[in-house]
Amino acid sequence: MDKQGLEKLIATCHDSGKRTAVYFCSHVPQELLIAANMNVLKLPYTKGLTNHATEILPKNVCPMVKNCCDICESELLDDVDLIIGETSCDGKKKLYELISTQDKLYFYQIPQGEDRNYVLPLIYSESKYLVKELKKRFDIEISDKDIQEAAKLVEAERNSIRELMELGKCIPPATWGMKIYEALEKNRELSEIKERTQANLEAKEALLAANTSISLDAIRILITGCPLGGVYEKILSAVENNGGVVVCFENCEVLKSATRSFDYNEPDPYQALAKCYQNTACALMSPNNLRIQLIEQLVEGYSIDGILDITLQTCHPYTVERYKIMRHCKEELHIPYMAIETDTGDADISQLTTRITAFLEMI
């Protein structure tokens with residue numbers, strides 16, 4: 001999304017007469033915000049904003065943290081009612097303490113381990129705290145039924161993302177990975193979750209109808225690692241212009257968050273939320289066995305030939321974890337693997353293209 005897209009999106013939310021909440025991380029339970037009848041906007045990366053990060057943050061900070069800073073300090077959020085600051089990576093959770101819009105900020109605490117007994121109770125209690133805060137700030141009452149109805153909308157959006165991504169399961173793939181990712185990026189510019197869901201389903205049908213011709217010999221690539229918002233164009237172009245095709249995105253703005261599910265048979269919706277969001281294969285978790293399991297499932301389901309692990313400079317969780325992923329791919333999955341470290345600039349495009357082309361030729 002670019003600055004103009006965000007400006008239009010915020011204006012649409014304002015015109016709807018509904019309150020607007022923004023968040024930046026897949027750990028935040030958007031079901032609760034939707035249950036509060038709010039427009040809910042996930043903003044993983046926005047281009048073209050004024051650079052506020054250089055005034056606030058040190059230079060050696062992840063580009064996603066810098067972009068989050070630029071978004072939070074942007075005048076475009078003047079009409080936003082709530083900013084959810086999740087305690088995910090260290091850079092972001094300390095950034096939120098520095099932004100000027102403290103009156104709009106709410107901290108949402110995230111557990112750091114997937115295998116501890118405290119994880120479910122923590123997500124449960126944080127969900128309760130968020131509902132109390134919405135009541136305190138906006139005098140909004142949220143019932144269990146409201147949460148269950150909101151969960152249906154979120155689950156439908158997750159299903160639509162999975163359906164769109166399944167175009168990559170075809171042999172040969174039904175479309176290019178670039179087309180899928182661009183469709184998802186475009187659809188994030190819609191303010192209503194029902195509109196995003198419908199747009200994803202329509203994108204799937206349109207891409208199928210296009211009858212894209214992709215060679216059976218194209219190398220089928222799974223992309224994993226950091227969010228791709230600021231780097232996807234140069235990465236996907238390097239793959240798909242040089243004999244490969246990206247058939248699957250494990251990243252958090254695609255399948256990492258879309259493979260979770262809400263259990264409607266669970267009588268307590270807060271418990272159902274806790275179980276859903278515990279199942280997030282995030283590098284913040286230690287140990288992060290869920291990511292290993294998810295990659296294994298995707299390698300089989302999408303007939304993967306090679307794995308490309310994208311890490312952003314100074315994103316320590318993913319940068320350090322890539323050795324574990326590399327070792328598992330080589331020793332257990334016996335599948336070619338390459339890690340790419342980059343940032344949101346264009347200076348490394350030639351180098352990336354050379355390395356990725358060599359990787360594809362090796363496969």
Side-chain angles (χ1 to χ4, degrees), residues 13 16-43 80-88 104-163 188 190-198 200-201 252 256-282 285 290:
C13 293
S16 73
K18 295 168 65 174
R19 293 185 178 91
T20 301
V22 301
Y23 72 109
F24 305 93
C25 177
S26 298
H27 283 284
V28 175
Q30 61 167 317
E31 290 90 340
L32 299 177
L33 303 169
I34 293 172
N37 195 34
M38 303 180 85
N39 285 313
V40 184
L41 310 180
K42 183 180 180 184
L43 304 177
V80 165
D81 299 280
L82 185 65
I83 299 172
I84 303 292
E86 84 297 337
T87 59
S88 53
K104 298 181 180 182
L105 180 67
Y106 175 76
F107 274 96
Y108 180 83
Q109 303 291 333
I110 296 173
Q112 301 291 302
E114 67 183 45
D115 63 340
R116 296 293 190 266
N117 292 333
Y118 71 78
V119 173
L120 283 175
L122 177 57
I123 302 175
Y124 188 100
S125 65
E126 282 300 307
S127 298
K128 287 278 191 178
Y129 275 124
L130 178 53
V131 168
K132 289 179 181 178
E133 187 69 16
L134 294 171
K135 167 66 175 176
K136 177 182 176 182
R137 294 196 187 196
F138 308 115
D139 195 28
I140 296 173
E141 296 284 353
I142 298 177
S143 68
D144 287 358
K145 183 178 180 181
D146 292 332
I147 298 173
Q148 291 167 338
E149 291 301 313
K152 292 179 182 178
L153 297 176
V154 177
E155 196 69 17
E157 184 179 27
R158 290 189 187 116
N159 288 338
S160 72
I161 293 171
R162 291 198 299 266
E163 285 193 33
R188 287 191 190 99
L190 299 171
S191 61
E192 292 283 350
I193 187 169
K194 289 182 179 179
E195 294 178 352
R196 294 195 297 271
T197 300
Q198 183 60 33
N200 288 338
L201 296 175
C252 63
K256 194 188 298 294
S257 56
T259 52
R260 304 174 298 199
S261 60
F262 182 95
D263 184 2
Y264 301 107
N265 295 319
E266 172 61 58
D268 184 346
Y270 292 94
Q271 186 71 7
L273 279 177
K275 291 179 179 178
C276 175
Y277 282 84
Q278 181 190 28
N279 189 32
T280 304
C282 179
M285 301 301 165
L290 285 175

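Just so it is clear, the model here is predicted, and its values are computed rather than measured.
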Could you list all the side-chain hydrogen bond (donor to acceptor under 3.5 Å, both in side chains) pairs where at least one residue sits in residues 118-130, not counting sequence neighbours?
Y124-D268
Can you sort out the partners of R19 under side-chain hydrogen bond (donor to acceptor under 3.5 Å, both in side chains), two or more places apart, ordered by chain and number?
none
Run the salt bridge (Lys or Arg N to Asp or Glu O under 4.0 Å) test against K194 and tell me which residues pass, sequence neighbours left out.
none
State the CD-CG distance between E141 and L134, to the nearest 0.5 angstrom.
11.0 Å
Under a 3.5 Å distance rule, please check whether S257 uses its side chain to pair with a backbone N or O of S26 as donor and acceptor.
no
How would you list, by chain and number, every residue that makes a side-chain contact (heavy atoms from CB on, under 4.5 Å) with S143, sequence neighbours excluded?
K145, D146
For E266, check salt bridge (Lys or Arg N to Asp or Glu O under 4.0 Å) against everything at least two apart and list the hits.
K275
Rounded to the nearest 0.5 angstrom, the CD1-CD1 distance for I147 and I142 is 6.5 Å
Show the numbers, then the answer: is there a side chain to side chain contact (heavy atoms under 4.5 Å, CB included) between L120 and Y270?
CA-CA 10 Å; L120 283 175; Y270 292 94; over 6 Å; no
Report the residues that fulfil salt bridge (Lys or Arg N to Asp or Glu O under 4.0 Å) with R137, sequence neighbours left out, ordered by chain and then residue number.
E133
Applying ring-ring contact (aromatic ring centres under 6.0 Å, His included) to F262 and not counting sequence neighbours gives Y264
Salt bridge (Lys or Arg N to Asp or Glu O under 4.0 Å) partners for K256, two or more places apart:
E250
Atom pair CZ/CZ of R188 and R196 - distance to nearest 0.5 Å:
9.5 Å
Please check if the side chain of D81 supplies one atom and the backbone of A21 the other of a donor-acceptor pair under 3.5 Å.
no
Nearest 0.5 Å please: distance from the CD atom of Q271 over to the CG atom of L273.
9.5 Å
Within a strict 4.5 Å, meaning less than it, do heavy atoms of the I110 and M285 side chains meet?
yes
Quick check for you: to the nearest 0.5 Å, what is the distance between L41 atom CG and L190 atom CG?
10.5 Å
Those residues at least two apart in sequence (or on a different chain) that pass side-chain hydrogen bond (donor to acceptor under 3.5 Å, both in side chains) with T280 are R260
Do the side chains of Y23 and L82 get nearer than 4.5 Å, heavy atoms only?
no
Does any part of the side chain of L153, heavy atoms only, come nearer than 4.5 Å to the side chain of E149, both counted from C-beta?
no
Residues in side-chain hydrogen bond (donor to acceptor under 3.5 Å, both in side chains) contact with N200, at least two apart in sequence or another chain:
S160, N187
Measure the spacing between CD of E192 and CD of Q198 and express it to the nearest 0.5 Å.
13.5 Å
Any residue meeting side-chain hydrogen bond (donor to acceptor under 3.5 Å, both in side chains) with T87, in chain and number order, not counting sequence neighbours:
Q109
Quick one: side chains of residues 27-38, donor-acceptor pairs under 3.5 Å with protein atoms, not counting sequence neighbours, listed by atom name and distance.
from, atom 1, to, atom 2, distance (Å)
E31, OE1, Y277, OH, 2.6
E31, OE2, R158, NH2, 3.1
E31, OE2, Y277, OH, 3.4

